[in-house]
Participant: 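This structure is in structure tokens; I'll ask about it shortly.
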Number of protein chains: 2
Amino acid sequence: MAESRGNTNAKRATYELRQRIIKGALPGGTRLFEVALAEELDVSRTPVREAMSRLAEEGLLERAPSGGFVVRSFSHSDVVDAIELRGVLEGTALRLTAEAGVSDKDIAQTKELVDRIDGCFADPTAPNLDLYSESNADFHDKLSTICPSSIVRSELERVKSLPFASPSAFVFRQRDREGMIQSLVLAQAQHRAMIEAIAGREGTRAEALAREHARIARKNLEAKALDANVAHPAMALVVE
Amino acid sequence: MAESRGNTNAKRATYELRQRIIKGALPGGTRLFEVALAEELDVSRTPVREAMSRLAEEGLLERAPSGGFVVRSFSHSDVVDAIELRGVLEGTALRLTAEAGVSDKDIAQTKELVDRIDGCFADPTAPNLDLYSESNADFHDKLSTICPSSIVRSELERVKSLPFASPSAFVFRQRDREGMIQSLVLAQAQHRAMIEAIAGREGTRAEALAREHARIARKNLEAKALDANVAHPAMALVVE
DNA sequence: ATACATGAGAATGTATACATCTCGGGAGGG
DNA sequence: CCCTCCCGAGATGTATACATTCTCATGTAT
């Protein structure tokens with residue numbers, strides 16, 4: 001089992017194709033040919049079709065009108081809109097959570113996750129950015145989990161699955177350490193305010209906070225865009 | 001080519017399966033077996049798999065953890081949440097449209113569609129409800145079309161494709177003619193206010209209007225639920 | 001009685017041959 | 001010269017045989 005993960009050829013093909021798309025090896029607009037891919041991945045056309053079908057469900061591929069699949073292409077404004085939409089959906093999830101009420105146990109667990117994020121910066125000279133990404137994602141996943149609406153939850157998860165729309169996509173501006181600290185302080189204050197809002201059944205406040213929170217990602221994205229030297233991995237599948 | 005529409009077996013199978021699910025012939029939770037369906041539809045397993053995959057993209061089926069597909073089941077609260085979510089997404093679409101600005105031509109075309117809705121009630125003794133459904137859907141589609149964000153647009157279309165979340169799903173309470181007129185007057189006032197808001201770049205107002213507008217559907221749904229005699233077609237796939 | 005092994009049957013996974021469709025290039029006529 | 005039609009290469013669509021995996025009922029040992 002040397003090549004990638006998954007126990008069936010279809011799952012391996014799905015994983016392999018997804019990686020190529022996310023890394024930008026298959027740019028937006030690329031038409032995918034079953035036979036060519038089948039040969040490259042050393043499987044038959046059947047699991048390749050299966051894989052493409054799954055990736056279309058994820059939103060990474062589009063079905064071409066006359067059959068076949070094309071890599072979906074995202075423009076810069078699509079990235080901005082996807083972040084905005086993530087904020088809107090997270091806001092809706094939080095509002096519904098606040099309106100429905102949430103258990104003390106869930107509140108405690110959520111607070112615990114915010115505290116854990118602080119831990120990534122225990123040593124100010126060597127912040128653990130990878131752990132931060134992970135912890136931040138855990139926190140946002142928890143917010144989704146406690147939402148009482150499975151419909152809202154699944155649509156939120158769907159948008160978050162786009163690599164550039166995930167809450168941890170653009171964690172920080174690499175260069176600017178000062179700005180990085182400020183960004184963290186603000187984000188953590190918003191995280192705690194969100195918890196306060198849902199605990200206090202303040203739906204509108206929770207919604208507004210989530211939207212504003214997503215704007216941090218947008219800010220970081222724009223800072224990255226100016227910094228033309230570093231190509232961010234999550235932007236690999238953006239064209240135009 | 002007597003049986004249903006589509007030029008390929010896969011498309012015919014997709015249509016046929018979708019109809020059965022929407023009509024409730026295949027209730028939520030039903031496991032779909034490829035061989036059985038293939039025999040019933042008189043095609044091979046390949047187009048059946050293709051069809052199931054497409055329906056999973058639409059959100060009508062879920063992939064079972066160990067392979068195969070299951071008809072997605074929706075609870076009553078899922079229906080309510082889907083309507084709420086439609087309102088949220090339509091609101092976001094309108095807000096972005098308002099913020100970006102919209103051409104005079106689009107405003108005029110949208111107004112024209114609202115006027116056309118009035119036309120369905122030209123004869124107050126015999127309102128044309130089918131035409132109303134269609135015209136109302138056209139209006140809402142137009143709102144989606146003029147949204148500058150393709151990401152928001154596609155997610156909105158996705159949610160609207162659920163039969164019970166479409167803007168025309170629960171047009172009116174059958175019995176209550178008085179309530180029907182009032183509902184129409186309110187809805188049309190909201191339609192016109194939405195246009196005014198996007199024309200005047202009042203994003204927040206447009207968003208709030210869209211959300212409140214979706215509540216009409218929720219009200220109509222609740223009125224239908226009380227009216228246990230009439231089973232509404234759009235509710236066929238709701239279980240629990 | 002419970003837990004686990006086991007095997008038969010049925011389901012999905014896979015490869016592949018063949019059918020059909022699509023689209024572009026080139027020949028022929030206007 | 002341009003337009004149209006036709007053809008064929010190469011793509012997807014389909015059927016089907018075979019492989020693999022899963023499920024669950026059954027039986028056996030502890």
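Labels below follow one simple rule: chain letters A, B, ... track the order of the sequence lines, proteins then strands, and each chain is numbered from 1. All of these numbers come straight from a predicted model, not from anything done at the bench.
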Participant: In this structure, how many angstroms lie between the P atom of D:dA15 and the CZ atom of B:R49, rounded?
Facilitator: 14 Å

Participant: Map B:G68 and A:V43 onto DNA chain C by nearest heavy atom, then report which one ends up closer to the 5' terminus.
Facilitator: B:G68

Participant: Any Lys/Arg nitrogen of B:R63 or A:E50 sitting under 4.0 Å from an Asp/Glu carboxylate oxygen of the other?
Facilitator: yes

Participant: Roughly, in whole Å, what's the span from CD in A:E50 to C1' in D:dT12?
Facilitator: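 After rounding, the gap between these two atoms is 17 Å.
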
Participant: Roughly how many Å is it from CE in B:M52 to P in C:dG13, rounded to a whole number?
Facilitator: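 After rounding, the reported distance stands at 9 Å.
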
Participant: Round to a whole Å and report the spacing from CG of A:L61 to P of D:dT12.
Facilitator: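 About 13 Å, once rounded to whole Å.
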
Participant: Does A:F139 have any ring-ring contact (aromatic ring centres under 6.0 Å, His included) partners at least two apart in sequence or in another chain, and if so, which?
Facilitator: A:H191

Participant: For C:dA11, does either OP1 or OP2 sit under 4.0 Å from a side-chain N or O belonging to B:R31?
Facilitator: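 Answer no for this pair, as no side-chain N or O of B:R31 is under 4.0 Å from OP1 or OP2.
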
Participant: Rounded to the Å, how far apart are A:N9 CG and C:dT14 P?
Facilitator: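 Taking CG of A:N9 and P of C:dT14, I get 5 Å after rounding.
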
Participant: Write down the distance between CZ (B:R63) and P (C:dA11), rounded to a whole number of angstrom.
Facilitator: 19 Å

Participant: Does CG in A:D115 sit with more than 12 non-hydrogen atoms of other residues, nucleotides or ligands closer than 6.0 Å?
Facilitator: yes

Participant: Are A:E58 and A:S161 linked by a side-chain donor-acceptor pair shorter than 3.5 Å?
Facilitator: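 No, no side-chain donor-acceptor contact under 3.5 Å.
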
Participant: Collect all protein-nucleotide pairs involving nucleotides 16-23 of chain C in which both atoms are nitrogen or oxygen and the distance is under 3.5 Å.
Facilitator:
residue	atom	partner	partner atom	Å
C:dC23	OP1	A:S66	OG	3.4

Participant: Is it the case that more than 12 heavy atoms not belonging to B:D138 sit under 6.0 Å from its CG atom?
Facilitator: yes

Participant: Quickly work out the A:F69 CZ to D:dT12 C1' distance and round it to whole Å.
Facilitator: 11 Å

Participant: Whole Å only: how far is the CD atom of B:E34 from the P atom of D:dT14?
Facilitator: 15 Å

Participant: Calculate, to the nearest 0.5 Å, the distance between atoms CG and OG belonging to A:D78 and A:S73 respectively.
Facilitator: 7.5 Å

